[in-house]
Amino acid sequence: MTYPDLNTPPRILLGPGPSSVHPRVLRTMATPVTGYMDPTFLEIVQEVRALLQQAYRTENDLTLAVSGTGTSGMEALISNLVEPGDAVLVGANGFFGERLAEMARRHGGEVERLEASWGQVFDPAQVDAALQARPAKLVAMVHAETSTGALQPEVEAVAAACHRHGALLILDCVTSLGGLPVELDAWGVDGAYSATQKCLSAPPGLAPLSLNPRGVAAIEKRSSPPPVFYLDLMLLQKQWGEQPAYHHTAPISAIFALREALRMAMEEGLETRIERHRRNAEALWAGLESLGLELFIPPAHRLPTLTTVRVPKAVDDAAIRRRLLEEFNLEIAGGFGPLAGKIWRIGLMGHSSRRENVTLLLAALAELLPG
């Protein structure tokens, strides 16, 4: 059997991820591969560390990119910080909050769930009250919940509540880093993880992660080493250090791509980039409402990077998405869990967050929707 050359359709990726990759990043991936201990590559690794510190607005020394998609960043923090019997409080208000809870449970944590309906957010007072009732070693929350389109507000106040009760706060920034304000040091967040394929618009495959000295101290106090060798952050920190020690073969081309994506973000300026995401999202929201569609999340808690809109009654969710793909090369996503068949998820992240994409999607929906 013979196989033809790849000839993938030129999709415009407006789903929850991946986003469209900028041509500059694609060209960078064609850079010849070096060895993972080549002096030139080691310099690039240090540049990526510095760029990630800028993106996260942090001086954390333990800032690196885990080999794997965003879930690897989630598991890296959970597996390093949670020991069997540790009390863990998880904000469960969407699919990825549920995943955090399940992951902490699998690593032996005694998980307490802070419950909210999918699409709701948490008040810092709820976190404070939960920790008053049951102290925890770790609190885990999602900053930008990809399954619902909800943005967790008042992160600084949440972190303060955690620290009053002696708990660490880790934050899922998968759909916010590079598209929304993320201020780890100013907010007092102890650890965070993200993914390259969302607002940074690099290909999937790396999970940018940062952990502050309080988090590092918690790992150092463990009674036994973290159970997942591949995600042992103390070993990974050495591999990403200025005098690196081998841990595993680095995904060299993916790191090249991440460097270029971060370089582009800094060239644009984080504030300018955040404003672009907000401006294009507001144009999308206005256009969707002009078509008679109802947005799922109230404006105060709505993600500029990922919009959720209710599927109108008598409209076939999957059929509209299929026609967008087949007739317009536009990808959007449906909901899942309790929102399956009820919402569409529209991502305007990174290189995909462009006014022409908003205009094209709105025109396509106007043509396809009844009436």
Side-chain angles (χ1 to χ4, degrees), residues 12-20 93-96 116-121 142-155 173-182 198-199 201 268 270-313 315 317 320-321 323-325 328-336 339-371:
I12 299 172
L13 300 178
L14 301 182
S19 62
S20 298
N93 61 342
F95 181 87
F96 292 97
S117 300
W118 281 37
Q120 299 297 308
V121 296
V142 178
H143 184 218
E145 178 54 73
T146 314
S147 63
T148 66
L151 174 66
Q152 174 59 44
E154 300 182 84
V155 173
C173 297
V174 167
T175 307
S176 56
L177 184 67
L180 293 170
V182 175
K198 305 271 188 163
C199 299
S201 279
E268 183 178 6
L270 286 177
E271 290 79 9
T272 302
R273 191 179 183 89
I274 289 164
E275 173 56 29
R276 169 168 62 85
H277 282 79
R278 165 64 63 175
R279 183 174 61 251
N280 289 332
E282 288 177 348
L284 175 66
W285 300 340
L288 291 170
E289 289 177 334
S290 74
L291 293 174
L293 298 172
E294 181 185 356
L295 299 176
F296 181 62
I297 300 294
H301 301 145
R302 192 177 292 161
L303 282 177
T305 51
L306 188 112
T307 295
T308 45
V309 57
R310 295 184 187 275
V311 178
K313 292 180 180 179
V315 168
D317 156 41
I320 294 294
R321 289 189 285 112
R323 290 189 65 189
L324 283 171
L325 196 65
F328 297 93
N329 269 322
L330 286 168
E331 178 187 278
I332 68 170
F336 48 82
L339 298 178
K342 298 179 180 178
I343 64 169
W344 288 315
R345 293 183 296 149
I346 303 169
L348 292 178
M349 295 181 284
H351 187 50
S352 290
S353 181
R354 305 202 303 276
R355 185 60 180 262
E356 61 266 32
N357 288 343
V358 174
T359 301
L360 176 59
L361 176 62
L362 292 173
L365 287 172
E367 180 176 325
L368 296 179
L369 291 173

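All values below were derived from every heavy atom in this structure, side-chain atoms included, with hydrogens, water molecules and symmetry-related copies excluded.
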* With sequence neighbours left out, which residue pairs that include part of residues 291-301 fulfil the salt bridge (Lys or Arg N to Asp or Glu O under 4.0 Å) condition? ->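 Every pair satisfying salt bridge (Lys or Arg N to Asp or Glu O under 4.0 Å) with a residue in residues 291-301: Glu294-Arg310.
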* Using atom types as modelled and distance alone, determine if a side-chain donor or acceptor of Ser290 lies under 3.5 Å from a backbone N or O of Gly287. =>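 Yes.
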* Check: Asn93 side chain, Gln120 main-chain N or O, donor-acceptor pair, under 3.5 Å ->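 Yes, Asn93 side chain to Gln120 backbone: donor-acceptor pair under 3.5 Å.
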How long is the gap from [atom1] on [X] to [atom2] on [Y], to the nearest 0.5 Å?
X	Y	atom1	atom2	value
Thr148	His301	OG1	NE2	11.5 Å
Met349	Ser201	CE	OG	8.0 Å
Thr307	Leu293	OG1	CG	11.5 Å
Asn329	Leu14	CG	CG	11.0 Å
Leu306	Ser176	CG	OG	11.5 Å

Are [X] and [Y] close enough that some pair of their side-chain heavy atoms sits under 4.5 Å apart?
X	Y	answer
Lys198	Leu177	no
Trp285	Leu295	yes
Pro304	Leu348	no
Ile297	Leu151	no

* Working for side chain to side chain contact (heavy atoms under 4.5 Å, CB included), residues Leu180 and Leu303 -> CA-CA 9 Å; Leu180 293 170; Leu303 282 177; 3.6 Å; yes
Nearest heavy-atom neighbours spanning [X] and [Y]:
X	Y	value
Leu330	Leu361	CD1-CA, 3.8 Å
Leu13	Pro18	CB-O, 3.4 Å
Phe336	Arg345	CE2-NH2, 3.0 Å
Ile332	Ile346	CG2-CG1, 4.1 Å
Asn357	Ser352	ND2-O, 2.8 Å
Ser147	Phe95	OG-N, 3.0 Å

Sequence-distant partners of [X], side chain to side chain donor-acceptor pair (under 3.5 Å), two or more places apart:
X	answer
Thr305	none
Thr175	Thr146
Arg321	Asp317
Thr308	none

* To do: Only counting residues at least two apart or in another chain, list the ones meeting ring pair (Phe, Tyr, Trp, His ring centres under 6.0 Å) with Phe296.
  =>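 Ring pair (Phe, Tyr, Trp, His ring centres under 6.0 Å) list for Phe296, sorted by chain: empty.
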* **side-chain contact (heavy atoms from CB on, under 4.5 Å) partners of Ile274, counting only residues at least two apart** =>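 Applying side-chain contact (heavy atoms from CB on, under 4.5 Å) to Ile274 gives Pro181.
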* **Selection residues 343-371 - residue pairs positive for ring-ring contact (aromatic ring centres under 6.0 Å, His included), sequence neighbours left out** =>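 Sorted pair list: His22-His351.
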Which atom pairs, donor and acceptor, lie under 3.5 Å between side-chain atoms of residues 277-284 and protein residues at least two apart or in another chain?
| unit_1 | atom_1 | unit_2 | atom_2 | d |
| --- | --- | --- | --- | --- |
| His277 | ND1 | Arg273 | O | 2.9 |
| His277 | NE2 | Gly350 | N | 2.8 |
| Asn280 | ND2 | Arg276 | O | 3.4 |
| Asn280 | ND2 | Ser353 | O | 2.9 |
| Asn280 | ND2 | Ser353 | OG | 3.2 |

* Could you list the residues that satisfy salt bridge (Lys or Arg N to Asp or Glu O under 4.0 Å) with Arg355, not counting sequence neighbours? =>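 Applying salt bridge (Lys or Arg N to Asp or Glu O under 4.0 Å) to Arg355 gives none.
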